[in-house]
**Q** 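Let me give you the structure first, and then I'll get to my questions.
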Amino acid sequence: MNNGLTTACLSLLDRLKQSVQKHPKRITAAVATLLLTGGGGAFAVASFAPDPADLPVTTVSLPVQSLAGDEQLSSLVDMPPFALYRSDTTRGSDTAESILQRLGVADPAAAAFLRGDGLVRQQLLGRSGRSISAETTDDHRLVRLTARWAPDEGSQFQRLVVERKGDGSFASRTETAPLTVGSRLAGGIIRSSLFAATDAASIPDSVAIQLAEVFSGDIDFRRALRKDDRFSVVYETLEADGEPLRSGRVLSAEFQNGGKTYSAIWFQPPGASKGSYYTLDGQSMRRAYLTSPVEFSRVSSGFAMRLHPIHKTWRAHLGTDFAAPTGTAVRTVGDGVVDFAGVQNGYGNVVYVKHRNQHVTVYAHLSRIDVKKGQAVDQGQKIGAVGATGWATGPHLHFEFRVNGEHRDPMTIARESESAQPVPVAARPAFDRLAANMRVQLSSAEQIMQASAE
């Protein structure tokens with residue numbers, strides 16, 4: 001029986017196969033019709049569902065306790081007034097309106113006063129870099145505006161105050177107050193340059209320049225910096241009413257360059273008129289000569305053969321050129337006496353300073369001379385300003401170092417010069433206490449730098 005059923009099934013499948021081969025179009029149409037009919041049936045069944053609009057609706061009401069309780073509406077509306085505070089920094093293009101807008105002040109009367117007040121026009125409008133803060137009412141009317149700034153030198157700051165009086169009018173006044181000294185810890189990693197690293201760490205340029213100065217006797221910041229070198233620094237901040245206005249002196253620093261670590265600490269022995277930088281073990285970092293007569297600048301032409309930019313001939317360049325804007329301060333690299341100050345041939349305005357051991361330094365192409373012949377000068381003292389007088393194609397300082405009348409490479413002389421005396425024996429206990437404290441602060445600055453790098 002099973003064999004007969006199997007034979008019948010095989011026979012049926014064979015006939016279906018032959019039918020599909022003979023009439024493929026008919027078979028396809030039949031399948032499509034079947035599918036469409038099945039879909040229509042499904043649609044017809046779905047269309048018999050109840051209409052949501054006909055479903056019953058029930059409304060539920062529940063009592064909710066008022067958050068205001070038994071308070072009167074007037075007590076909720078009459079909230080106590082409050083003050084708003086905001087701070088910013090002035091820009092050279094500032095107007096009264098732009099200052100108030102950045103401070104969140106919407107007060108036409110205040111804007112009119114700022115535009116017309118003499119003190120404001122003189123000390124605030126168009127002045128960049130001044131710290132400003134505003135106190136306003138809750139509807140953004142000005143109560144008090146304060147601007148603070150400090151000269152580059154000195155221990156005091158200026159304060160301009162614009163204040164609303166009881167009758168609604170405004171008044172302005174200027175005040176003088178002492179700066180307070182604080183300190184800040186910071187650190188950075190060299191990726192491309194020193195200034196790029198200090199910018200990334202929000203360290204002021206003046207501190208970056210001091211770093212380069214402090215370690216200039218050990219590190220060539222123009223050629224020897226390497227990627228992943230790192231530094232930590234503790235420096236002064238000069239504050240007005242709790243707000244930092246400018247940075248002060250570098251108090252201590254540590255620089256890791258090429259696998260070596262260099263440290264420095266500022267120390268002024270008790271009773272001494274001047275301070276200096278020392279290593280953490282008490283050795284002086286002050287050398288007989290600075291490595292540069294201008295603060296950290298770009299060397300545009302070194303001590304070597306070159307094509308003279310004016311005469312167009314190859315000749316020895318017996319000095320070092322430092323590219324810098326006109327007016328940049330020029331300083332003597334060592335203690336000495338001014339031997340000549342005036343105009344001289346292609347040097348233009350030039351100053352010669354005679355040092356001990358028959359050493360002479362030359363500062364040429366100056367736009368201004370600030371010393372006279374026979375005047376004694378100290379290392380780092382300003383003697384003039386960068387210019388382009390004499391045979392010069394642009395503003396720069398031409399600097400020479402002569403030993404017994406013979407020209408020498410200034411960069412080599414500076415690094416080979418002897419160091420000053422170490423910390424005096426009598427001041428050693430005070431120095432050791434300061435050094436121990438600075439080691440802790442530098443360690444903290446290193447941790448801050450590592451945390452920010454991560």
Side-chain angles (χ1 to χ4, degrees), residues 80-186 202-207 209-210 234-251 266 268 273 275 327 329 382:
F82 56 90
L84 300 172
Y85 298 87
R86 184 173 294 183
S87 300
D88 208 305
T89 304
T90 59
R91 305 169 186 173
S93 59
D94 267 337
T95 62
E97 287 75 11
S98 64
I99 289 176
L100 294 179
Q101 183 179 16
R102 290 205 310 278
L103 292 174
V105 180
D107 193 335
F113 179 83
L114 295 184
R115 287 195 303 268
D117 185 71
L119 281 177
V120 174
R121 291 200 307 268
Q122 180 183 3
Q123 303 292 353
L124 187 60
L125 301 184
R127 300 275 189 168
S128 62
R130 299 195 168 180
S131 173
I132 52 175
S133 59
E135 176 188 348
T136 71
T137 61
D138 51 12
D139 59 351
H140 303 284
R141 290 183 299 121
L142 182 66
V143 175
R144 183 182 298 105
L145 183 144
T146 306
R148 304 171 183 86
W149 67 96
D152 292 336
E153 304 293 338
S155 59
Q156 294 187 321
F157 73 95
Q158 300 294 313
R159 183 194 294 122
L160 169 67
V161 180
V162 175
E163 198 166 21
R164 186 186 294 272
K165 297 190 295 184
D167 60 1
S169 62
F170 290 93
S172 66
R173 66 182 185 273
T174 56
E175 303 168 343
T176 301
L179 288 164
T180 57
V181 180
S183 62
R184 179 173 181 255
L185 286 65
S202 299
I203 297 173
D205 285 350
S206 61
V207 174
I209 291 171
Q210 289 183 67
V234 181
Y235 62 92
E236 291 177 332
T237 57
L238 301 178
E239 301 175 352
D241 300 331
E243 297 186 10
L245 289 188
R246 59 181 172 87
S247 57
R249 177 184 290 117
V250 167
L251 300 176
W266 171 264
Q268 184 171 342
S273 59
K382 296 179 181 178

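Residue numbers count from 1 along this sequence. We use all heavy atoms of the structure for the numbers below, so side chains are in, but hydrogens, waters and symmetry mates are not.
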**Q** Identify the heavy atoms of F157 and P178 that sit nearest to each other, and give their distance.
**A**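 Result for this residue pair: CE2-O, 3.5 Å.
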
**Q** Would you check, one step at a time, whether the test side-chain contact (heavy atoms from CB on, under 4.5 Å) holds for L124 with T90?
**A** CA-CA 8 Å; L124 187 60; T90 59; 3.6 Å; yes

**Q** Distance check, rounded to the nearest 0.5 Å: L84 atom CG versus L103 atom CG?
**A**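 Reported value, rounded in 0.5 Å steps: 12.0 Å.
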
**Q** Would you say R86 and T136 are linked by a side-chain donor-acceptor pair, where the criterion is simply a distance under 3.5 Å?
**A**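 No, no side-chain donor-acceptor pair sits under 3.5 Å.
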
**Q** Has R127 got its NZ or CZ under 6.0 Å from the middle of the six-membered ring of W149, at an angle within 45 degrees of the ring axis?
**A**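 Negative - R127 is either too far from the ring of W149 or too far off its axis.
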
**Q** Evaluate the side-chain proximity of P244 to E239: yes if any heavy-atom separation is below 4.5 Å, no if none is.
**A**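 They are in contact (side-chain heavy atoms under 4.5 Å apart), so the answer is yes.
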
**Q** Here's a test for you: under side chain to side chain contact (heavy atoms under 4.5 Å, CB included), which of T146, T176, T174 qualifies with R159?
**A**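 Testing each of T146, T176, T174 against R159, the sole residue satisfying side chain to side chain contact (heavy atoms under 4.5 Å, CB included) is T146.
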
**Q** If I compare all heavy atoms of R148 with all of L245, which pair ends up nearest, and what's the gap?
**A**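 Closest approach of R148 to L245, heavy atoms only: O-CD2, 3.8 Å.
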
**Q** For D167 and K165, what are the C-alpha separation, side-chain angles and deciding distance, and is it a side-chain contact (heavy atoms from CB on, under 4.5 Å)?
**A** CA-CA 6 Å; D167 60 1; K165 297 190 295 184; 3.6 Å; yes

**Q** Do you know the tightest heavy-atom contact between V250 and W266?
**A**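 Heavy atoms only, the tightest pair is O-CB, 3.8 Å.
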
**Q** Test your reading of the model: is there a side-chain donor-acceptor pair from R164 to the backbone of L142, 3.5 Å cut-off?
**A**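 Yes, R164 side chain to L142 backbone: donor-acceptor pair under 3.5 Å.
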
**Q** Just grab all the side-chain hydrogen bond (donor to acceptor under 3.5 Å, both in side chains) pairs involving residues 108-118, residues at least two apart or on different chains.
**A**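 Checked against side-chain hydrogen bond (donor to acceptor under 3.5 Å, both in side chains) - neighbours excluded - the pairs reaching residues 108-118 are E97-R115, D117-S172.
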
**Q** Between V120 and F170, does the side-chain contact (heavy atoms from CB on, under 4.5 Å) criterion hold? Intermediate values first, please.
**A** CA-CA 12 Å; V120 174; F170 290 93; over 6 Å; no

**Q** Measuring from atom OG of S131 to atom CG of D241, what distance do you get when rounded to the nearest 0.5 angstrom?
**A**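 Reported to 0.5 Å precision, the distance equals 9.0 Å.
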
**Q** Is there side-chain contact between L238 and V181, with heavy atoms separated by less than 4.5 Å?
**A**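 Yes - at least one pair of side-chain heavy atoms lies under 4.5 Å apart.
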
**Q** Could you go through S87 and E243, starting from their C-alpha distance and side-chain angles, then the distance that decides it, and tell me whether this counts as side-chain contact (heavy atoms from CB on, under 4.5 Å)?
**A** CA-CA 10 Å; S87 300; E243 297 186 10; 3.9 Å; yes

**Q** Residues in side chain to side chain donor-acceptor pair (under 3.5 Å) with D139, at least two apart?
**A**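 Side chain to side chain donor-acceptor pair (under 3.5 Å) list for D139, sorted by chain: T137, R141.
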
**Q** Counting only heavy atoms from other residues, nucleotides and ligands, does the tally under 6.0 Å from CD of Q101 exceed 12?
**A**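 Open.
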
**Q** Just wondering, do L160 and R130 contact through their side chains at under 4.5 Å, heavy atoms?
**A**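 Heavy-atom side-chain distance check fails, nothing below 4.5 Å.
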
**Q** Is there a side-chain contact between L125 and I99 (heavy atoms, below 4.5 Å)?
**A**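 Yes, side chains in contact.
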
**Q** Look at the side chain of Q210 and the backbone N and O of G248, then say whether any donor-acceptor pair between them is shorter than 3.5 Å.
**A**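 Yes; at least one donor-acceptor contact below 3.5 Å.
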
**Q** Could you tell me the separation between the CZ atom of R173 and the CD atom of E163, rounded to the nearest 0.5 Å?
**A**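 Rounded to the nearest 0.5 Å, the CZ-CD separation comes out at 5.0 Å.
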
**Q** Is a side-chain donor or acceptor of E135 paired with a backbone partner of R144 at a separation under 3.5 angstrom?
**A**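 No, the answer is negative, given that no donor and acceptor are paired below the 3.5 Å cut-off.
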
**Q** Of the non-hydrogen atoms in L251 and S183, which two are nearest, and what is the gap between them?
**A**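 L251 and S183 have their closest heavy atoms at CD1-CB, 4.3 Å.
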
**Q** On a heavy-atom basis, which atom in S128 and which in G92 lie closest, and how many Å separate them?
**A**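 Taking every non-hydrogen atom into account, CB-N, 3.5 Å.
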
